[in-house]
There are 2 protein chains.
Amino acid sequence: MSQTVDRALSILPLLAEGPADLGQVADRLGVHKSTALRLLRTLHEHGLVYRQSDQRYRLGARLFALAQEAMENLDIREIAHPHLVRLNEDCGHTVHLAVYEDDEVLYIDKVESRYPVRMYSRIGKPVAPTVAAVAKLLLADLPEAERRALAERLDYPQYTARSTLNATAFLRELEQARERGWATDLGGHEESINCVAAPIRGADGRVVAAMSISAPNVVVTAEELLTLLPLVRRTADEISGEYSGRAPVPHPSV
Amino acid sequence: MSQTVDRALSILPLLAEGPADLGQVADRLGVHKSTALRLLRTLHEHGLVYRQSDQRYRLGARLFALAQEAMENLDIREIAHPHLVRLNEDCGHTVHLAVYEDDEVLYIDKVESRYPVRMYSRIGKPVAPTVAAVAKLLLADLPEAERRALAERLDYPQYTARSTLNATAFLRELEQARERGWATDLGGHEESINCVAAPIRGADGRVVAAMSISAPNVVVTAEELLTLLPLVRRTADEISGEYSGRAPVPHPSV
DNA sequence: CTGGTGCGTTGCACATTTTGCAACGATCGT
DNA sequence: ACGATCGTTGCAAAATGTGCAACGCACCAG
């Protein structure tokens, strides 16, 4: 807990909301203007913050570069990508890859169903953890204590009538996902969108990532989407096998 | 210039190279392990750094989220995107959107080619400033003093036989780009890839971004690509108009 | 043209924060 | 089971960051 660094880093989410001038930053940090100035200067030297022509500050270019490099270093992503593309070619729907990290679930790769890509557009954005199919699989694999603590800590926004209601219901869903080895989100986030997801496991059997197929009701019904489940699970298992370094892996004995 | 913050931020590019343990971080920072530990802890609390299961550190999730939000707040990008998509539909090639910021040129949007052969580039990745067509336009608009200083400061890697040779040649290219209002990269970065680019201007006439079409020789020759120049320029002008506020935009006049 | 207001910026003295040390504890491999 | 390696903690010294007050500058109104 370094106070100075803590203050400096607090500026970043603040600027993520939009550009701000020195006074605003100082106010929201609760420090003197001169202090805020020095912090901003340091951030600026590192390219994390940019000073636009009207002298206001906003997030800087290096942030993109860093996020980019970080992404490239995720080897699950490297390995999985060709499989995701192939799955997309087979079924035509949107394919997602997600990981869990520090109370958050986030997409790290995506293959669009519609146009030839606009990659990284939503990649990196945190996912609604209580409803997303991939989130259920990732959280279901946490140690029980942590899982329960997290379930209590989360909010349960009612995006739709089918959204997960509360911690109890959520834990039940996680249990089911863990037993079955797959999960769904049937209109829990957006009324007309369904997903089916399968876990990707490392050599030790722990879930390291999860992938899903998403499609709107207008294209395929939930029942039709469920028929793709074997395809998703097979793809996930192939990725698991490759990630573990071994040849195609057997079914996790459940 | 805050020493503590400076050290903490220096950790980020270091971890961007790949995961590292505490000792490695401390060594490369030139500080004591306990110091590095506290810095890493602070970064961790802010989600910029993640501690993986083997206890090594790597860049964290919030970095993605921040980069994401920063991207969404760039209104040039918002405005330009549909135009880029349309241009891509018309010509089929890869379309890029780039901005200049603090000595760096970087892509902030991209629409992939419909052709199987795609060029390698990534949103958020810094662009080779001495050869890229978009870079020439962006740098050509800098004030003369700054432009010359920058030209001297840059390296001139000889990616190919056609890469810009040195500062003098570069400044000449910038001058030409400024006069013509467009620029090209004919095999200057990768032997077989050509680009044509046009500038996007704000209400005051300053160049705020640049866009380009890129295509490999095997798909279209440089001459053929140049025939698309009017299309690129028209699209760029449309975006300029909309960005400047005086154009068919959602909100009517007030 | 002039006086005033709001903003970013600088030098400085104080003290709070950070630092390196050394010792502890855990984990892993032999 | 033992030693080596790595992460972690408390503490005293001091280096660093902090707030203050004054300055410069641009913009606006009188």
Side-chain angles (χ1 to χ4, degrees), chain A residues 1-15 17-60 101-102 143 145-146 202-206 244-245, chain B residues 1-15 17-60 101-102 143 145-146 202-206:
Chain A
M1 310 155 136
S2 166
Q3 187 188 79
T4 317
V5 177
D6 186 58
R7 284 174 172 170
L9 297 182
S10 302
I11 294 177
L12 298 178
L14 196 154
L15 289 184
E17 297 170 15
D21 62 29
L22 180 61
Q24 295 172 320
V25 173
D27 280 351
R28 293 199 48 183
L29 275 186
V31 299
H32 195 92
K33 281 187 305 179
S34 59
T35 303
L37 179 67
R38 274 182 299 253
L39 297 176
L40 281 164
R41 271 223 259 263
T42 311
L43 289 168
H44 179 90
E45 276 170 23
H46 285 259
L48 296 182
V49 142
Y50 176 67
R51 192 152 202 197
Q52 43 188 29
S53 44
D54 61 353
Q55 288 214 117
R56 291 190 305 167
Y57 295 90
R58 64 170 168 73
L59 294 180
E101 180 181 319
D102 270 338
E146 197 177 334
D204 55 359
R206 293 280 314 270
S244 308
Chain B
M1 315 145 132
S2 167
Q3 188 187 81
T4 316
V5 178
D6 186 58
R7 285 174 171 169
L9 297 182
S10 301
I11 293 177
L12 298 179
L14 194 155
L15 289 184
E17 296 170 16
D21 62 31
L22 178 61
Q24 295 172 321
V25 172
D27 280 351
R28 293 198 49 182
L29 275 186
V31 299
H32 198 263
K33 282 187 303 180
S34 58
T35 305
L37 178 67
R38 273 181 297 252
L39 297 176
L40 281 164
R41 270 223 259 261
T42 312
L43 289 167
H44 180 89
E45 277 171 21
H46 285 258
L48 296 181
V49 143
Y50 176 67
R51 193 153 202 195
Q52 41 188 30
S53 44
D54 62 353
Q55 288 215 117
R56 290 190 306 166
Y57 295 91
R58 62 171 168 74
L59 295 180
E101 180 180 317
D102 270 337
E146 197 178 334
D204 55 359
R206 293 282 314 270

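All values below come from the heavy atoms of this structure, side chains included, with hydrogens, waters and symmetry mates left out. Just so we're on the same page: letters track the sequence lines, and every chain starts at 1.
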Would you tell me if any nitrogen or oxygen in the side chain of T35(B) comes within less than 4.0 Å of OP1 or OP2 on dG20(C)? yes
Could you tell me how far apart D54(B) (CG) and dC28(C) (C1') are, to the nearest whole angstrom? 14 Å
Scan R56(A) against the nucleic acid and name what it touches under 4.0 Å (heavy atoms): base, sugar-phosphate only, or nothing. nothing
Please determine, for the side chain of H32(B), which listed nucleotide (dT10(C), dA22(C), dG8(C)) has the closest atom? dA22(C)
Please determine whether a side-chain nitrogen or oxygen atom of R7(A) lies at a distance below 4.0 Å from atom OP1 or OP2 of dT18(D). yes
Mind calculating the distance between CG (L29(A)) and P (dT18(D)) to the nearest angstrom? 10 Å
Would you please confirm or rule out a distance under 4.0 Å between OP1 or OP2 of dG20(C) and any side-chain N or O of S34(B)? no
To the nearest angstrom, how far is K33(B) atom NZ from dC21(C) atom P? 11 Å
Do T42(B) side-chain atoms and S2(A) backbone N/O form a donor-acceptor pair below 3.5 Å? yes
Closest non-hydrogen atoms of G60(B) and E101(A), given as atom of the first, atom of the second and distance, are CA-OE2, 3.2 Å
Residue whose closest nucleotide on DNA chain C lies nearer the 5' end, V5(A) versus Y57(A): Y57(A)
Using whole Å, what does the distance between atom P of nucleotide dT10(C) and atom CG of L22(A) come to? 12 Å
To the nearest angstrom, the CG-P distance between L39(A) and dT9(C) comes to 13 Å
When you measure from the side chain of E146(B) to the backbone of P143(B), do you find a donor-acceptor pair of N or O atoms at a distance under 3.5 Å? no
By nearest-nucleotide position on DNA chain C, the 5'-leaning member of Q24(A) and R38(B) is Q24(A)
For the pair made of CG in L40(A) and C1' in dG8(C), what is the distance, rounded to whole Å? 11 Å
What integer distance in Å separates M1(A):CE from dG17(D):P? 19 Å
Whole-Å distance between dT16(D) C1' and Q3(A) CD? 12 Å
Minimum-distance nucleotide to R41(B) side chain [options: dT9(D), dT8(D), dG8(C)]: dT9(D)
Minimum-distance nucleotide to T4(B) side chain [options: dT19(C), dT9(C), dG20(C)]: dT19(C)
Would you call R28(A)-E17(A) a salt bridge at under 4.0 Å N-O? yes
Side-chain ion pair, R206(B) and D204(B), N-O less than 4.0 Å: no
